[in-house]
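Presented below is the structure to which this report refers.
So that the names make sense, note that chain A is the first sequence line, chain B the second, and so on, each numbered from 1.
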Amino acid sequence: MKAYEWEKKVMVEGIKDFNLKHTFECGQCFRWKEEEDGSYTGVAFNRVVNVSMKEKTLTIKNTNLNDYHSIWKHYFDLERDYSAIKQKLRKDPVLKEAVEFGWGIRILQQDIWECIISFIISSNNIIPRIKKIIENLSEKYGQPVLFGDKVYYGFPSPKDLYGVIVEDLAFLKAGYRDKFIVDAVQKVCENNISLDRLRNMPTADARKELMRIKGVGNKVADCILLFSLQKYDVFPTDVWIRRVMQHYYLGEDATVYDVQKYSSRHYGNLGGFAQQYLFYYARERKIGRKD
DNA sequence: CGCCAGGGCTAGC
DNA sequence: GCTAGCCATGGC
């Protein structure tokens, strides 16, 4: 991998195992939009960039080498050997197919606060509406960032949101989840929960700590652990994952608990990667759905 | 009308 | 520790 800067762009050569569509549309993030030319534009860490791939070269527009080394190379998880991970997972015949389908998935290293709020909003919701609620929240409370002839909005920090009450969030139409957002803002702003400390905690302890926030249960906590804290031994089990596991491995009567046991026994510390390949595969192929 | 969506909370066992 | 009913919202 070689990175160099050229006219507000960073280009990275020698990229393997990376496909933008697979990575941005496998359900781990909500703020990347495909442009007409196939590139993607998104906001993360209060910065707007446009990314595109040509052959083995990744181009990141509207950035510089400094930000590349401090933010984007970690955000896109470019230093991890996904070939080795996929090779291990391929031993399972179902995962072999899922990996071939979503071969270019990389698990983004996202901001933990954005993850907490985004996945609280995600519970018992549908992806297009989750995206809209997050967009509306950012537009109202986030920091404006210019790119081209457009205004984008960074995801609001805990400080940006401090003091909001449930009534303030009614415009989001987030349903019963608005009070969970208020609770998360309070706990983080009042140092009731320390996000910095979570990174160095074992998975189970970090999960328990996250679940002290209202609206954060097992599944939401696992998404936060996987997508922002690099805890790869989790296996977030939602309706799609449960269906695909029932369909291929466990049968109709399998509970979420059964799925968790199966993943820890068979995937171990690669559970998070397996989950992403399976989720993308299941959702794109509508595995287990009647329509 | 009913069912469902990247579930969680609460009560009850 | 595990489950049933409930929960806002909106599309179908």
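Put simply, NZ on Lys132(A) is 15 Å from P on dG6(B), counting in whole angstrom units. Whole-Å rounding puts the Ile224(A) CD1 to dG6(B) P distance at 17 Å. Following rounding to the nearest Å, Asp258(A) (CG) and dG1(C) (C1') show an atom-to-atom distance of 13 Å. Note: CG (Asp222(A)) to C1' (dG6(B)) measures 12 Å, nearest angstrom. Taking atom CD1 of Ile287(A) as the reference point, atom P of dG6(B) lies 16 Å away to the nearest angstrom. Rounded to whole Å, atom C1' of dA5(B) lies 6 Å from atom CG of Asn124(A). Nucleotide dG6(B) holds its C1' atom 13 Å from the CZ atom of Arg129(A), rounded to whole Å. The separation between Asn125(A) atom CG and dC7(C) atom P is 17 Å, rounded to whole Å.
The partner of dG7(B) is dC7(C), by the rule that a Watson-Crick or G-U pair needs both atom distances under 3.5 Å.
For the residue pair Tyr153(A)/Glu135(A), the side-chain donor-acceptor check at 3.5 Å is not satisfied. No hydrogens or angles considered: a donor-acceptor pair under 3.5 Å links the side chains of Tyr249(A) and Asp92(A). Residues Tyr232(A) and Arg80(A) bring a donor and an acceptor atom of their side chains to less than 3.5 Å of each other. A donor and an acceptor atom, one from each side chain of Arg177(A) and Asn124(A), are nowhere located under 3.5 Å apart.
If you take atom C1' in dC3(B) and the same atom in dC6(C), they sit 16 Å apart, rounded to whole Å. Rounded to whole Å, the P atom of dG2(B) lies 16 Å from the corresponding atom of dG5(C). The same atom, P, is picked in dA11(B) and in dA8(C); the two are 15 Å apart, to the nearest Å. Comparing the same atom, P, in dC7(C) and in dC1(B) gives a spacing of 15 Å after rounding to whole Å. Atom P of dA4(C) sits at a distance of 15 Å from the matching atom of dC4(B), rounded to the whole Å.
Nearest to the side chain of Tyr257(A), among dG1(C), dA5(B), dG7(B), sits dG1(C). Taking every side-chain heavy atom of Ile126(A) into account, dA5(B) is the closest of dA5(B), dG7(B), dC9(B). For Arg243(A), taking side-chain heavy atoms from C-beta onward, the closest of the listed nucleotides dT3(C), dA5(B), dG6(B) is dA5(B). When the nucleotides dG8(B), dG6(B), dC9(B) are ranked by their closest atom to the side chain of Gln276(A), dG6(B) comes out on top.
Across all strands shown, Arg283(A) has no heavy atoms under 4.0 Å from either base or sugar-phosphate atoms. Among the heavy atoms of the strands lying under 4.0 Å from Thr255(A) are primed sugar atoms or P, OP1, OP2 only; no base atom is included. Phe279(A) comes within contact range of at least one nucleobase, with a heavy-atom separation under 4.0 Å. Note on Asp178(A): nothing from the nucleic acid sits closer than 4.0 angstrom, heavy atoms only. Here Gly215(A) lies in heavy-atom contact (under 4.0 Å) with sugar-phosphate atoms only. Within 4.0 Å (heavy atoms only), Lys173(A) reaches sugar-phosphate atoms of the nucleic acid but no base atom.
Using a 30° and 60° split on the angle between ring planes, Trp32(A) and Phe76(A) fall in the tilted class, from 30° to 60°. The aromatic rings of Tyr262(A) and Tyr267(A) stand perpendicular to each other, their planes meeting at an angle above 60°, with 30° marking the opposite boundary.
The base of dG6(B) sits within donor-acceptor range of the side chain of Lys219(A), with an N or O pair under 3.5 Å.
Nearer the 5' end of DNA chain B, as judged by each residue's closest nucleotide, is the contact made by Gln275(A), out of Ile213(A) and Gln275(A).
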